[in-house]
Each structure stands twice: as structure tokens, then as C-alpha cells.
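For reference, the structure is listed below as C-alpha cells.
Every value quoted in this text rests on a predicted model; they were computed, and no experiment measured them.
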Amino acid sequence: MNFDFKSYHLRGIHAETLEEKQKINQELKDFYNSLTEEDKRLFNLELQKFLATEMGRLGSDYQAIKNQVPTE
């Protein structure tokens, strides 16, 4: 299974209202609920990998920005 977590993530970030964010979350929940137990397991593994990758990227970006800020 190759689920495009990034598209949901970006849609959520760019949602203009709470209602729009809730609709996106419900869409994702409905998709998840339609999966077989084995697909849910794979989905969860891919989600963990996506989150770890994104957190690592955020940490790297933070360090790069922090290193560019002059210190007194």
C-alpha cells in the first residue's frame, strides 16, 4: 500500500476553516475504516514512517534556521 499522507497533511495545513479541516479528517477516517485489517496494519506502519520522516525534516529545518540566527 502506498498512501499519499502528504496530500492529506498539506490539505489540512491549507484548510481555511475548522469545518474544512474536520471534513478532511473525516475523509481520512472513512478511508481507514474501509480498509481490511491487514491494510490497516500497513497503513499504520506507513503513517509512522511518514510522521518520523516529517519530524526529522522539521528538526533539520529548525537546526538550519537556528544556526543562521546570530547570537549575541
Side-chain angles (χ1 to χ4, degrees):
M1 168 182 286
N2 284 325
F3 188 76
D4 187 4
F5 293 103
K6 189 169 187 170
S7 69
Y8 278 89
H9 179 65
L10 291 175
R11 285 175 57 204
I13 288 172
H14 296 290
E16 295 184 11
T17 64
L18 179 59
E19 183 179 88
E20 188 178 353
K21 285 182 183 186
Q22 290 172 335
K23 184 178 177 182
I24 293 165
N25 285 338
Q26 188 60 52
E27 183 182 331
L28 188 55
K29 287 177 186 179
D30 291 344
F31 174 77
Y32 182 81
N33 288 331
S34 75
L35 297 174
T36 65
E37 290 304 312
E38 178 61 17
D39 284 342
K40 285 179 181 178
R41 187 184 73 74
L42 294 172
F43 179 95
N44 290 333
L45 290 172
E46 287 184 20
L47 177 58
Q48 288 176 23
K49 181 180 176 184
F50 172 77
L51 292 173
T53 300
E54 289 302 305
M55 290 301 293
R57 184 173 296 130
L58 285 173
S60 295
D61 291 349
Y62 172 77
Q63 285 301 321
I65 291 168
K66 184 178 172 183
N67 291 336
Q68 292 177 2
V69 175
T71 56
E72 297 181 282

(message) Do Gln26 and Asp30 pair up side chain to side chain, a donor and an acceptor below 3.5 Å, judged on atom types alone?
(response) yes

(request) Please answer whether the main-chain N or O of Leu35 pairs with a side-chain N or O of Asp39 as donor and acceptor at a distance below 3.5 Å. (result) no

(request) Starting at NZ of Lys40, measure out to CG of Leu45 and round the result to the nearest 0.5 Å. (result) 14.5 Å

(request) Taking side chain to side chain contact (heavy atoms under 4.5 Å, CB included) as the test, write out the residues that go with Leu28, two or more places apart. (result) Phe3, Tyr8, Phe43

(request) Working to the nearest 0.5 Å, report the span between NZ of Lys6 and OG1 of Thr53. (result) 10.5 Å

Under 3.5 Å donor-acceptor pairs involving side-chain atoms of residues 17-25, not counting sequence neighbours:
unit_1, atom_1, unit_2, atom_2, d
Thr17, OG1, Glu20, N, 3.0
Glu20, OE1, Glu16, N, 2.9

(message) Using every non-hydrogen atom in the two residues, find where Phe50 and His9 come nearest and quote the distance to one decimal.
(response) CZ-CB, 4.1 Å

(request) Find out whether Phe5 and Leu10 are in side-chain contact, i.e. whether some heavy atom of one side chain is under 4.5 Å from a heavy atom of the other. (result) no

